[in-house]
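Before any comments, here is the structure.
Letters go in sequence order (proteins before strands), and every chain restarts at 1.
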Amino acid sequence: MKDIPPRYNPKDHEESIYSKWENSGFFHAEPDFSKKPFTITIPPPNVTGILHMGHALNNTLQDILIRWKRMQGSASLWVPGTDHAGIATQNVVERNLHEKGITRQELGREKFVEEIWKWREKYGNTIIMQLKRLGASCDWKRTRFTMDKGLSEAVLEAFVQLYNKGLIYRGNYIINWCPRCRTALSDEEAPHQNVEGKLYYILYLFKESGEQRAESKEGVVVATTRPETMLGDVAVAVNPKDKRYKKLIGKKLILPLTEREMEIITDDFVDKKFGTGAVKVTPAHDSDDYDMAKRHNLEPVTIMGPDGRMNENAGRFSGLDRFEARKLIVAELEEKKLLIKIEKHDYAVGHCYRCHTVIEPYLSLQWFVRMKPLAEPAIEVVKRGKIKFHPKRWTKVYLNWMENIKDWCISRQIWWGHRLPVYYCQKCNAVIVSKVAPEKCQKCGSQDLKQDEDVLDTWFSSWLWPFSTLGWPEKTKDLRYFYPTAVLVTAPEILFFWVARMIMSGKEFIKEIPFSDVYIHGTVRDATGKKMSKSLGNIIDPLDIIDEFGADALRFSIIAITSAGQDVFLSKEKFEIGRNFANKIWNASRFVLMNVGASELQGTGALEKENLNIADKWILSRLNRTIEAVTKALKNYKFNEAESLVYDFFWHDFCDWYVEMVKPQIIGQSAESKERRTGEILIHVLESSLKLLHPFMPFVTEAIWQNIKERESIMIAAWPEADKHYIDKKIESDIEIVKNIIVNIRNIRSDMNIAYSKKLTVGLAPLRQGVGSVISDNAEYIKNLAHLDKLTIDENFIRPKSCLSAVAEEFNIFIPLEGVIDVAAEKARLTKKQDLLKQQIVFTEKKLKDKNFINNAPEEVVRAEHEKAEKIREQIDRLGKTIEDL
RNA sequence: GGGCUUAUAGCGCAGUUGGUUAGCGCGCUUCCUUGACAUGGAAGAGGUCACAGGUUCGAGUCCUGUUAGGCCCACCA
């Protein structure tokens, strides 16, 4: 017997266990056509990332599934990796350089990209290391990075394929532009956020009003939230049905602060009700205006540069930051009396998802993916149920987005990422799209070719992840075996960014869905409901929690408080749940190992039914029921339900009852007289429980598994199968009676302040057929657990004069305590019990007198209600008699 | 503006297809170091299930509305 300390200290085990696992090779999976594959590809964290609670939750969920399936005998593969996270990473490295006083422009593209690679070498594995501390059983040999050679190959292949199908095009459009990151963004990367803004009403004077005499008020008032963009106005539009402006259509206006002449045009797009019903048309800085200008053949005027500063078209405002320019322009308009009024106006404006800068709608030449044709099959597979979302409600969100999908802007004006496989002939302007750099122009033969400067959106590589990690575009064995993957586990934030696009790419490039189930878990928030973020300073660092409570505690706790798809509210104390439970498991095992002999450890399979007593049958019934329920819960992605089932079984059934019941049978007994059967059952139930717990708490279960005896990892032990012939309702209800008796006696002790040390003599009167034998079969258990020295069972029990009593459905309890009993107190106690029952009977009888109930409710419900009433009445009577007798 | 989601004990949450005495964890009260565990054990107290209607013999559970949170989407300048 090893010396096992009375406390589970995670630090003594986690590191060594993890390295043993890694060395064992059990994390690694190869195609094995004799087994079923079970594949998960990790949502690749950003290479700049450090582990936060969202990751902890996300990866714990995946590891639970992976470990569970591995134990079930699948070829369980969890592909790990990181995402190059174009903009985010470029920003980080740029900031580092900045601290050294270097800009990336000074460094130049090549050197700068080199710097990023160096940075990645140094810090890029941080999050991977952190995942290991969590216990993640990823196949690390297969760790991928979106900029790896193979994955980059996949990106080029995808681009070329789509281009050749006409699904990628280049064009001049208004896109979301981040002036700080100086790149285009997709719509998803520029989420709208509400801001408290202002609506400026500006007077545009008629040309014929001559010199800008505001006093005349002869002109049109337009309303805008972004007055600085007026410098790019090319017209004012009104709704053709708007009577107020009918006469003014075609009239010439002078753009204030400039000399520009413009016309009043009509367009159905204009909303009569908003503002003044007249809208300034700024095609280069607003996408609606751009469309409108196109309809009217108006040339856009760009007044801002990529840095968010006004350009030469802004005249004397040139060089000013856009918000500076706004202030100045507003001031000048006011001075000229052209600013009619300013209203408070809250509206939503796009913000860069990386740096939170206000997005500028910006006219520029970019590359796009035509999404509608890709979306169609991806809508189909979800509608037909080939891909299921858990919880279901996300299906609607997904479909709604997919059905309104817009083209995807994929070019980014940054340096870190996959460069577009696009080459321009400098001579004839031909565009060549090719995976490898062409030697000469296919059209004119010129060798003067230049590759496009832009890189692709990070998500253009992530959307290939489920198959690029398995070797695509090569037709690999891995791809054939492990694809499609089983389930995608993710947070709702990246449903559109990533999940939807993976479904599209899977259907497009492999012709097969990438996964059949999508499990979407909640967002991790702090105790007050705020999203955890560095800037809010409300982060709970998972590594701190692992240090303080252990990885198992972190894992168990976070799952325990996560109900399907609901957000998770965290505070440090919550991790005590898991820590305490790990300790409980540790100590229960310690008890078992301290009291079980070597022979039982071998497990001779003495679990034959005829060898079992009632307690054994009961715990095996509960065990098998639990196995069944836990497996079912996992199948349905009900993680917290699965967990609480094992928790309740292990702590309450096994520790609180079974172990307590059998204690005297094995403690202090000599090796020969020890009940061998009990020992084997203890081991069997313990081992089964460890297996059920292993996916949730891998470290402590492994540590104990090895304490029991040296052997291979619990990681590859077979997942328990429920053996239904152990499930026994009769035994379970018998044990309920036994527990009820014990609780009743303890109750009396507690109510009447009888010390535990005082052993009691108790008389039990069974009231129903069969109860007597249940009691006598379990007399020893009752005596031990209720701390009795004598237990008399007699149907015709004659109640001694002075005694404490309990009355239950199945039995009466008498505890004679001559001379000790406080009659008044006992009377009060019993009367209180009786009152409770009386309240119940009133309610039940009322129900039974209700004709509607009797006539309409199913027969069995009515009968059950009658039986219930009968039992309550009986108990009230018995209590009454008992009180009288006192 | 559209959609989703939440409201159950002081706090955090479960409550499967409508039928229990409405559960669990933390906290609280009382007792207990009884040979695994005080990160423990035993016994308790605490809820008119947000509000108002409706369906039903019966509603925490289904429907409608209201209120109050939260989230996502959206081109009203």
Do the side chain of A:E660 and the base of B:A42 come within less than 3.5 angstrom through a donor-acceptor pair of N or O atoms?
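Answer is no: no donor-acceptor pair is held.
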It should be established whether [X] places a side-chain nitrogen or oxygen under 4.0 Å from OP1 or OP2 of nucleotide [N].
| X | N | answer |
| --- | --- | --- |
| A:N580 | B:C37 | no |
| A:W651 | B:G41 | yes |
| A:K406 | B:C75 | yes |
| A:R746 | B:A43 | yes |
| A:N856 | B:C57 | yes |
| A:K638 | B:U16 | no |
| A:K584 | B:G41 | yes |

For [X], answer base if it contacts any base atom (sugar-phosphate contacts may also be present), sugar-phosphate if it contacts only those atoms, and nothing otherwise; contact means non-hydrogen atoms under 4.0 Å.
| X | answer |
| --- | --- |
| A:K272 | nothing |
| A:K396 | sugar-phosphate |
| A:Y347 | sugar-phosphate |
| A:F581 | nothing |
| A:V222 | nothing |
| A:H787 | nothing |
| A:N855 | nothing |
| A:K868 | sugar-phosphate |
| A:H285 | nothing |
| A:V279 | base |
| A:P858 | base |
| A:D271 | base |
| A:A348 | base |
| A:R7 | base |

Candidate nucleotides [options], ranked by approach to the side chain of [X] - the nearest:
| X | options | result |
| --- | --- | --- |
| A:V861 | B:A77, B:G19, B:A74 | B:G19 |
| A:F269 | B:G25, B:C37, B:C75 | B:C75 |
| A:F274 | B:C57, B:A77, B:U21 | B:A77 |
| A:F853 | B:C37, B:G25, B:G19 | B:G19 |
| A:Q840 | B:U21, B:G19, B:A36 | B:U21 |
| A:N583 | B:C37, B:G25, B:A77 | B:C37 |
| A:P6 | B:C37, B:C72, B:A77 | B:C37 |
| A:F591 | B:U34, B:A36, B:U5 | B:A36 |

Could you go through A:D407 and A:Y173, starting from their C-alpha distance and side-chain angles, then the distance that decides it, and tell me whether this counts as side chain to side chain donor-acceptor pair (under 3.5 Å)?
CA-CA 11 Å; A:D407 285 356; A:Y173 293 95; over 6 Å; no
Using atom [atom1] of [X] as one end and atom [atom2] of [N] as the other, report the distance to the nearest whole Å.
| X | N | atom1 | atom2 | result |
| --- | --- | --- | --- | --- |
| A:I520 | B:C71 | CD1 | C1' | 13 Å |
| A:D289 | B:C76 | CG | C1' | 11 Å |
| A:L399 | B:C4 | CG | P | 13 Å |
| A:R749 | B:A43 | CZ | C1' | 12 Å |
| A:F843 | B:C57 | CZ | C1' | 12 Å |
| A:F654 | B:G40 | CZ | P | 17 Å |
| A:D653 | B:G41 | CG | P | 14 Å |
| A:Y398 | B:C73 | OH | P | 17 Å |

Counting only Watson-Crick pairs (N1-N3 plus N6-O4 or O6-N4) and G-U wobbles (N1-O2, O6-N3), all under 3.5 Å, who is the partner of [N]?
| N | value |
| --- | --- |
| B:G47 | none |
| B:A42 | B:U30 |
| B:U17 | none |
| B:G1 | B:C73 |

When you compare [N] with [M], how far apart are their [atom1] atoms, in angstrom units rounded to a whole number?
| N | M | atom1 | result |
| --- | --- | --- | --- |
| B:U56 | B:G18 | C1' | 9 Å |
| B:A59 | B:U20 | C1' | 15 Å |
| B:A38 | B:A42 | C1' | 13 Å |
| B:U67 | B:C51 | C1' | 7 Å |
| B:C4 | B:A77 | P | 25 Å |
| B:A50 | B:U8 | C1' | 10 Å |
| B:A7 | B:C13 | P | 9 Å |

[X] and [Y]: which non-hydrogen atoms are nearest, and at how many Å?
| X | Y | answer |
| --- | --- | --- |
| A:L57 | A:I559 | CD1-CD1, 4.1 Å |
| A:I202 | A:P256 | CG2-CG, 4.5 Å |
| A:F853 | A:L848 | CE2-CD2, 4.3 Å |

Taking the nucleotide of RNA chain B with the nearest heavy atom to each, does A:D288 or A:C655 sit closer to the 5' end?
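Closer to the 5' end of RNA chain B: A:C655.
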Assuming nearest nucleotide by heavy-atom distance, tell me which of A:H192 and A:Y647 is located more 5' along RNA chain B.
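Checking each residue's closest nucleotide, the 5'-ward one belongs to A:Y647.
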Would A:W394 and A:F389 count as a ring-ring contact (aromatic ring centres under 6.0 Å, His included) here? Give the steps.
CA-CA 6 Å; A:W394 292 105; A:F389 287 89; 8.3 Å; no
Backbone of A:I748 reached by a side-chain donor or acceptor of A:R829 within 3.5 Å:
no
Stacked cation flag A:K584 on A:Y647, 6.0 angstrom / 45 deg:
no
Taking ring pair (Phe, Tyr, Trp, His ring centres under 6.0 Å) as the criterion, tell me which of A:F549, A:F581, A:F575 meets it with A:F556.
A:F581
Can you tell me if A:K198 has over 12 outside heavy atoms packed within less than 6.0 Å of its NZ?
no
Test A:E228 against every option in A:R326, A:H285, A:R322 by the side chain to side chain donor-acceptor pair (under 3.5 Å) rule and name the one that passes.
A:R326
